[in-house]
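Accompanying notes for the structure given below.
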Number of protein chains: 2
Amino acid sequence: MPHSHLHADPAPHAHLHPARFPVTVDVVALTVGGGELRVLLINRLIEPFKGGLALPGGFVLPGEGLRDAAARELAEETGVARLPGHLEQLQSYGPAGRDPRGDVLTVAHLLLAPDFPVLAAGSDAAHAGWHPVSDVLDGVLDVAFDHRQIIADAVERARSKLEYSPLGAAFCGEEFTVAQLRAVYEAVWGTRLDPRNFHRKATGTPGFLEDTGAMSAGEAGRPAALFRLAPESRFVAGEPVRAVLNPPLMRPRG
Amino acid sequence: MPHSHLHADPAPHAHLHPARFPVTVDVVALTVGGGELRVLLINRLIEPFKGGLALPGGFVLPGEGLRDAAARELAEETGVARLPGHLEQLQSYGPAGRDPRGDVLTVAHLLLAPDFPVLAAGSDAAHAGWHPVSDVLDGVLDVAFDHRQIIADAVERARSKLEYSPLGAAFCGEEFTVAQLRAVYEAVWGTRLDPRNFHRKATGTPGFLEDTGAMSAGEAGRPAALFRLAPESRFVAGEPVRAVLNPPLMRPRG
DNA sequence: CCAAAAGTGTTAATGCTACACCCATGG
DNA sequence: CCATGGGTGTAGCATTAACACTTTTGG
């Protein structure tokens, strides 16, 4: 019996020839720019949906892990050398009913990143660019496959993650001001937050922010102190985020 | 070109022959009994890990969705006709480095259910039974593959879901007392909650509980009122849970 | 009557919201 | 000097945690 099954399975013959599926990873890369949430999309060079917009992604290779595949595809299609921000798995979709060519399982991932530069057009790969999330969700922009649903799920995940984890800082650079961090929360939640209360809460949460001693300059108004993530709150590649904000940075109640 | 690729992909030849993987679904079915959290495990009838304990699950069939596959496998291996409680996707694992026979992707699912009866030994399928989650996580019980990690992730997901969603009631039957609901939270969180404050909060949360008018009987002490989930909080198969408890049923701060 | 569990009332501490107010910079 | 944004203080309100107390059953 060359193909044995993994689990007891009374379905007739199902264990003799387990079906095999192509598996892709897709990455919903989110950033904050211009006061709004943006998603990274590529122009498809091939059918189906040729010329349309889609999430960066591609096939998982034999012997490869999901996270590695997502990081590899993102690097290939955007030209980033080191993965910026925080990458985590979102959820899987399929395999039935999502690709016109047949069953394809995709494992969607979520990247929260600062506004990094992406590949210019004319390169070997497709042109990649940031687009407002609201345009995708409102249907102003069309995206391939079930990618609108995936993006909607990703945004919802990002929203709820921000309250309890230090992941808001994943959208900022290494050092940032409290106002920049606040802009992230306002963009993701689509609300306005009181700058004074946010400042108190962000700086007053133990284990969240660390004062660098440096100051921002060049902007209007009084210079702001520059912070970085405290060591216990830093997220490392592949590890789940451990630090929890308690009390959370609450989003206003609906 | 019989196999075209889904996305632009500069990796040489990767798009010509996308790798195909066996895909399984595994179900972490959790319940509350005897004041502790329990997980449903089956005895494996075949290699590898023959005779060992594992999560119920099996191969996804062509043309099948993930959720349908999970529900089907659970029904086949436990004998339940209608799916009790609440089923949702957890996350995916693999395909590399988790099965001794090669690359297998698994999509883990989480079922929160009342303590339903499972298949007795001697049936065609493997014997299924409830086991304390703590025994699995402490290493007292060994489980096959990477199922210990999957169970740990499932428990963590269940813990955080309970605070904000009405899913605690998924562990109870159709009608339940506030004390039974409280026992769920205490088992999942591993804490003690003040019965009086919990009662006030559970019954006082708008859109959560609905008084049936009936009373429990036969127990020690004063009879308790029987409740059911309010219509707006009920979870329906396949739909994400929409109702949010605001304010949440807080777990005690660490 | 006593033990046990359900359910209500009350109070002190805590946390949040709103906003007055001062500080430091650019123009 | 004024506009702009950074940052602190504080009063009022809402929520929570802790616990006294009453109710209703079984033994």
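These values consider heavy atoms only, across backbone and side chains, with no hydrogens, waters or symmetry-generated copies. Protein chains get the first letters and strands the later ones, always in sequence-line order, with residue 1 at the start of each.
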> Does the ring center of B:Tyr185 lie less than 6.0 Å from the ring center of B:Phe198?
Replying inline: yes
>> Rounding to an integer number of Å, can you tell me how far B:Glu163 CD sits from D:dT16 P?
In response: 12 Å
>> Walk me through whether A:Tyr93 and A:Asp26 qualify under side chain to side chain donor-acceptor pair (under 3.5 Å).
In response: CA-CA 10 Å; A:Tyr93 299 82; A:Asp26 286 309; over 6 Å; no
> Rounded to whole angstroms, how far apart are CD on B:Glu186 and C1' on C:dA5?
Replying inline: 13 Å
> Going by number, which of residues 167-183 of chain B have a non-hydrogen atom under 4.0 Å from DNA chain D?
Replying inline: none
> Testing A:Arg157, A:His109, A:Arg67 for side chain to side chain donor-acceptor pair (under 3.5 Å) with A:Glu88, which one passes?
Replying inline: A:Arg157
>> Based on the rotation axes of five pairs at each end, what angle does the helix from C:dC1-D:dG27 to C:dG27-D:dC1 bend through, to 10°?
In response: 0°
>> For a side chain to side chain contact (heavy atoms under 4.5 Å, CB included) check, start with the C-alpha distance between A:Leu53 and A:Ile42, then their side-chain angles and the critical distance, and finish with the verdict.
In response: CA-CA 6 Å; A:Leu53 293 169; A:Ile42 61 155; over 6 Å; no
>> Could you check whether B:Tyr164 and A:Tyr164 have their ring centres less than 6.0 Å apart?
In response: yes
> Which residues within residues 187-205 of chain B lie with some heavy atom under 4.0 Å of an atom in DNA chain D?
Replying inline: B:Asp194, B:Arg196, B:Asn197, B:Arg200, B:Lys201
>> Under the criterion salt bridge (Lys or Arg N to Asp or Glu O under 4.0 Å), I'd like the reasoning laid out for B:Arg242 against B:Glu232: C-alpha separation, chi angles, the key distance, then a yes or no.
In response: CA-CA 8 Å; B:Arg242 301 180 57 192; B:Glu232 55 267 51; over 6 Å; no
> Does the pair B:Arg148 and B:Asp142 meet the rule for a salt bridge (Lys or Arg N to Asp or Glu O under 4.0 Å), with working shown?
Replying inline: CA-CA 8 Å; B:Arg148 191 195 311 283; B:Asp142 267 327; 3.1 Å; yes
> Got a donor-acceptor contact below 3.5 angstrom from the A:Thr106 side chain to the A:Ala108 backbone?
Replying inline: no
> Looking at A:Phe208, A:Phe171, A:Phe227, which hits side chain to side chain contact (heavy atoms under 4.5 Å, CB included) with A:Leu181?
Replying inline: A:Phe208
Identify the pairs formed between an N or O of the protein and an N or O of nucleotides 22-25 of chain D at a distance under 3.5 Å, and give each distance.
from, atom 1, to, atom 2, distance (Å)
D:dT23, O2, B:Arg222, NH1, 2.9
D:dT24, O2, B:Arg222, N, 3.3

>> Show every salt bridge (charged side-chain N to carboxylate O under 4.0 Å, His left out) that has at least one partner inside residues 130-141 of chain B, sequence neighbours left out.
In response: none
>> Does atom CD (B:Glu219) have a neighbourhood of more than 12 heavy atoms from anything else shown, all under 6.0 Å?
In response: no
> What does B:Ala217 touch in the nucleic acid at a heavy-atom separation under 4.0 angstrom: a base, only the sugar-phosphate, or nothing?
Replying inline: nothing
> What salt bridge (charged side-chain N to carboxylate O under 4.0 Å, His left out) pairs are there with at least one residue in residues 179-191 of chain A, not counting sequence neighbours?
Replying inline: A:Arg182-A:Glu186, A:Glu186-A:Arg192
> Counting distance only, does the side-chain N/O of B:Glu77 pair as donor-acceptor with the main-chain N or O of B:Gly57 below 3.5 Å?
Replying inline: yes
